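Inspection log for the structure reproduced underneath, given as structure tokens.
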Amino acid sequence: MITRRGLFNALAAGAAALVLAGCQIDTRTQIRVSEILSVAQSGTPVPVSAAITAQFVTPAWCRDEGTMAVETISTPAVPLQLGACAPGGPGALGQFQLTTNLIRTDGGQTDGTILMNVLGQDRARFAVYPHGKHKHLLSVGLFLNIPQLESDKANLTAMPVYKRGLYKGQVNYSFTVDIVNDTDKPANFYLADVSAGGDLPSDEAIMMIPPGGMDTVTLDADTQAKLAANGWVNFLSMINK
């Protein structure tokens, strides 16, 4: 399920480093309604950025481990940058920026085909695609290259700086997307298998964002488990009629 937390809660997007660098990693990205519609209509990708916050033991380890994570994970197509390390939480907080794309896909018959069509060799992507059952819905999903991320994690775990930090690859994480309606019409989203503010049954959950408004969708633990198992998951479906 996906939990809606009101205006501007904690995405992501894009989140290729989420299972790699710290004991608690939170990601948050912003996607605009005009971008969803543009990509669906033209097929031209648009860039999206994910803000990633990772918890480290100390600021020094944040700089060392964060630098190693960037060197291991970052690619020309999906660059990861370390912004700052500062005291915070039980130790230090590292601020990262990940840039990826929102693309269009027609999906596929199997998880492997879907992932190949969306990701290629990249670690993370968002995609817009037709809903499997309803023609008037555009789905927006998060896609991760889980095998590549697991390989990255193994490489990081073996590095001396991670061993000194007692990192064992065990991470708690969150994925959040802020939806901004930058159009002149209300935008309606169907949240399949979700609860919307705790006030609607899952099969009836509708999120309406007025023109100029914002709202947030966050993956809960069950949906994160589905993402980890399949490599992709729907965040929401936009009513397009």
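Along the sequence shown, residues carry numbers from 1. None of the values given here were measured: they were computed from a predicted structure.
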Considering non-hydrogen atoms only, spot the tightest contact between Pro186 and Met208 and give its length. CB-SD, 3.8 Å

Is the closest side-chain donor-acceptor distance between Asp26 and Ser174 under 3.5 Å? yes

Side chains of Arg123 and Leu80: closer than 4.5 Å at any heavy-atom pair? no

How close do Phe175 and Thr27 get, counting heavy atoms only, and between which atoms? CA-OG1, 3.6 Å

List the atom of Ile31, the atom of Val48, and the distance in Å for their closest heavy-atom pair. CG1-CG1, 4.3 Å

Write down the atom of Pro79, the atom of Ser74, and the distance for their closest heavy-atom approach. CA-OG, 3.3 Å

Work out which heavy atom in Asn188 is nearest to a heavy atom in Ile206; give both atom names and the distance. OD1-CG2, 4.4 Å

Nearest heavy-atom contact between Pro47 and Glu35 is O-OE2, 4.5 Å

Suppose we screen for side chain to side chain contact (heavy atoms under 4.5 Å, CB included). Which residues come up paired with Leu115, at least two apart in sequence or across chains? Leu119, Phe143, Trp232

Can you find a pair of side-chain heavy atoms, one from Val180 and one from Gln30, that are under 4.5 Å apart? yes

Residues, nucleotides or ligands: over 12 heavy atoms within 6.0 Å of Gln97 CD: yes

Hydrophobic cluster identity match, Leu93 and Ile52, side-chain contacts under 4.5 Å: no

Donor-acceptor pair, side chain of Asn181 and main chain of Pro210, under 3.5 angstrom: yes

